[in-house]
Amino acid sequence: MLDIRLFRNELEQVRAGLSRRGESSESVDAVVRLDDEVRRINTERDELRSRIRALSNEVGQLMRDGLKDEAGDLQAESRELGAQEKQLDAASDAAAHELRELLLRLPNLPSDDAPDGSTEHDNVVARVENYDPGSYADHQRVPHWETGEALGILDVERGVKMSGSMFVMYRKAGAAMVRALCQLALDRNADLYEEVRPPTLVRADTMVSTGHLPKFADDAYHLERDDLYAIPTAEVPLTSLARDEILDHAALPARYMAHTSCFRREAGSAGKDTRGLLRVHEFDKVELLAYTTAEQAPALHREILDRAEALIRDLGLAYRILDLCAGDLGNSSRRTFDIEVYAPGVDRWLEVSSVSWFGDYQARRANIRHRSAEGKGTEVCHTLNGSALAVPRVWAGIVETHRQPDGSVAVPEVLQPYLRGLTRIG
RNA sequence: GGAGGGAUGGCAGAGUGGACGAUUGCGACGGUCUUGAAAACCGUUGAGGUGCAAGCCUCCGGGGGUUCGAAUCCCCCUCCCUCCGCCA
């Protein structure tokens, strides 16, 4: 949620930022109009309240003095004002509610550093690492679902039998590798990040805090009977960890990591990427998240990207870093770097991590503040996060990249200790 | 799921219709004293809205109601605790 003060003091900046995303300016106009209205009504209402309080105090004084009969006129006047106040209050609530709904649906402003552009084709490739297009042999040009099936480590058919399309089942070393990847990611970040195991079913307001509701309700699994949502990423519960709290300045930056299942309906992608692990409804992921001051945010953005990148590099995968253009940024993000792994079997770049800086957009929704360094007053925190490791596509990248001429898959060295010393699958 | 008890400032804990945004204690911060510290003593110390400011307004778990006036009375909801039931 954007700071309403931006609309009052730096309206042109808001318009410019939103238009870089391709948002129309109609809602901006509506926000300004409603904000004016709310403040106008509130001023009038507060004036009435003030008079009612003064009258009531007079009545109270008369009562204490035993002059009950003289209070009648004051009571009548106060009652009259009370009726007016009630009307204004209702009008204020209605306008304020409308304003909030509007603000909740407006996306964040792109950072000035985010490149211009409107679609994913305009994203800037910041770096390409460990990738030599001519280096791939025929034995690596096999899709992971074929290798997985052949080695008995991926059972798509039975996953679908249980739960429908885009649900998969891992088996034997394939299942162990899911666990190993998560354990590796947690161990590699345990030096600075506190491990958390949060609930995977959360309330609506928890989803609102990160920006996943109300705008993207179609993407989330919802348990109607209990009105709970299955989290699409650990970002959701981790952001609500500090909801409605005022953090101590000395506690920042506060770093957390969590391994969770993630659930996505993929409502807009029906029929797309349905094969293998390219796009699934349920998957495991280790997420990194930080609460910071505004000043600390850039350093943490780099740190999370570095850590996510290091894991991919050490798994021996080819990857590239994308600097997302303004038009392709996630709704809540001001700047995002995507890490994409090259999967030779399907000859595609697969997004495995999205490292984002949200400014104070999420923290304002979640009401997360910190005491300012000078001691007086509070400031809204900044939040940042990124996948340390999202399992399915990394799993696919490993199986395709490290496939050997004999059809087996070499286990990356960093993973071997987590697979009981296994060096080769198949 | 049933029955009862709770929810007040950073924490603990008073307050059952009127001068209460809230007694007090602890903590924190500033000062006096001290070579320095501790102790003692003095003072300060919640969050937000609006306004140039003085000020005004809101917030005692959330929402509604009664009243001239609600932390306080009534209704609904959420959460926590105890007991019973069920259970990995």
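Without hydrogens or angle criteria, A/Thr147 side chain to A/His144 main chain gives no donor-acceptor distance under 3.5 Å. Judged by distance alone, the side chain of A/Glu340 and the main-chain N or O of A/Glu351 form no donor-acceptor pair under 3.5 Å. At distances below 3.5 Å, at least one donor-acceptor pair connects side-chain atoms of A/Ser19 with backbone N or O atoms of A/Ala16.
Minimum atom distance to the side chain of A/Met63 is reached by B/rG18, of the listed B/rA19, B/rC57, B/rG18. The listed nucleotides are B/rC68, B/rC56, B/rA47; the one nearest the side chain of A/Ile246 is B/rA47. Among the nucleotides B/rC79, B/rC56, B/rA19, the one closest to any side-chain atom of A/Arg203 is B/rC79. The side chain of A/Val59 sits closest to B/rG18 out of B/rA47, B/rG18, B/rA19. Closest to the A/Thr43 side chain, of the nucleotides B/rU50, B/rC56, B/rG69, is B/rU50. Distances were taken from every side-chain heavy atom of A/Arg53 (C-beta onward) to each of B/rU58, B/rG69, B/rA19; the shortest belongs to B/rU58. Comparing atom distances between the A/Lys86 side chain and each of B/rC57, B/rG65, B/rC79 picks out B/rG65 as nearest. Minimum atom distance to the side chain of A/Arg39 is reached by B/rG51, of the listed B/rC68, B/rC79, B/rG51.
Rounded to whole Å, the C1' atom of B/rA37 lies 44 Å from the corresponding atom of B/rG49. Remark: the separation of the P atoms in B/rG46 and B/rU23 is 11 Å, to the nearest Å. Nucleotides B/rC41 and B/rC57 place their P atoms 38 Å apart, quoted to the nearest Å. Comparing B/rG21 with B/rU78, their C1' atoms are spaced 25 Å from each other, to the whole Å. Here, B/rC20 and B/rC60 have their C1' atoms 10 Å apart, quoted to the whole Å. Atom name P, nucleotides B/rA14 and B/rU8: the rounded distance is 11 Å, in whole Å.
The distance from atom CG of A/Asp205 to atom P of B/rC77 is 18 Å, rounded to the nearest whole Å. A/Arg49 has its CZ atom 15 Å from the P atom of B/rU50, to the nearest Å. Look at CG on A/Asp244: it is 17 Å from P on B/rC59, rounded to the nearest Å. B/rC52 atom P lies 11 Å from atom CZ of A/Arg8, rounded to whole Å. At whole-Å resolution of the value, CZ in A/Arg79 and P in B/rC68 are 4 Å apart. Per the geometry, CG belonging to A/Asp35 stands 12 Å off P belonging to B/rG49, to the nearest Å. Atom CD of A/Glu37 is separated from atom C1' of B/rG49 by 17 Å (rounded to the nearest Å). The distance from atom CD of A/Glu379 to atom C1' of B/rA47 is 15 Å, rounded to the nearest whole Å.
Within the nucleic acid shown, A/Glu58 has no heavy atom closer than 4.0 Å to any nucleic acid atom. Among the protein residues, A/Arg51 comes within range of no part of the nucleic acid, since none of its heavy atoms lies under 4.0 Å from any strand.
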Base-pair map of RNA chain B as dot-bracket, where | denotes pairing with a different strand and pairs are Watson-Crick or G-U under 3.5 Å = ((((((((.[[[..)..(.....]]]((((((.......))))))(((((....))))).[[[[[..)....]]]]])))))))....
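Within the structure, every side-chain polar atom (N or O) of A/Arg40 is placed at least 4.0 Å from both OP1 and OP2 of B/rU50. Residue A/Ser50 places at least one side-chain N or O under 4.0 Å from the OP1 or OP2 atom of B/rC57.
The side-chain contact (heavy atoms from CB on, under 4.5 Å) test with A/Tyr170 is passed by exactly one of A/Asp284, A/Ile153, A/Leu277: A/Leu277. Just one residue in the list A/Arg171, A/Lys161, A/Lys172 forms a side-chain hydrogen bond (donor to acceptor under 3.5 Å, both in side chains) with A/Asp155, and that residue is A/Arg171.
Looking at A/Thr383 and A/Gln362, their side chains do bring a donor and an acceptor atom within 3.5 Å of each other. Between A/His212 and A/Asn331, the side chains place no donor N or O within less than 3.5 Å of an acceptor N or O (distance only, hydrogens not considered).
The aromatic rings of A/His281 and A/Tyr221 stand perpendicular to each other, their planes meeting at an angle above 60°, with 30° marking the opposite boundary. Using bins of under 30°, 30° to 60° and over 60° for the plane-to-plane angle, the ring pair A/Trp357/A/His301 lands in the tilted bin.
Taking for each of A/Ala76 and A/Asp93 the nucleotide of RNA chain B with the nearest heavy atom, the 5'-most of the two is the partner of A/Asp93.
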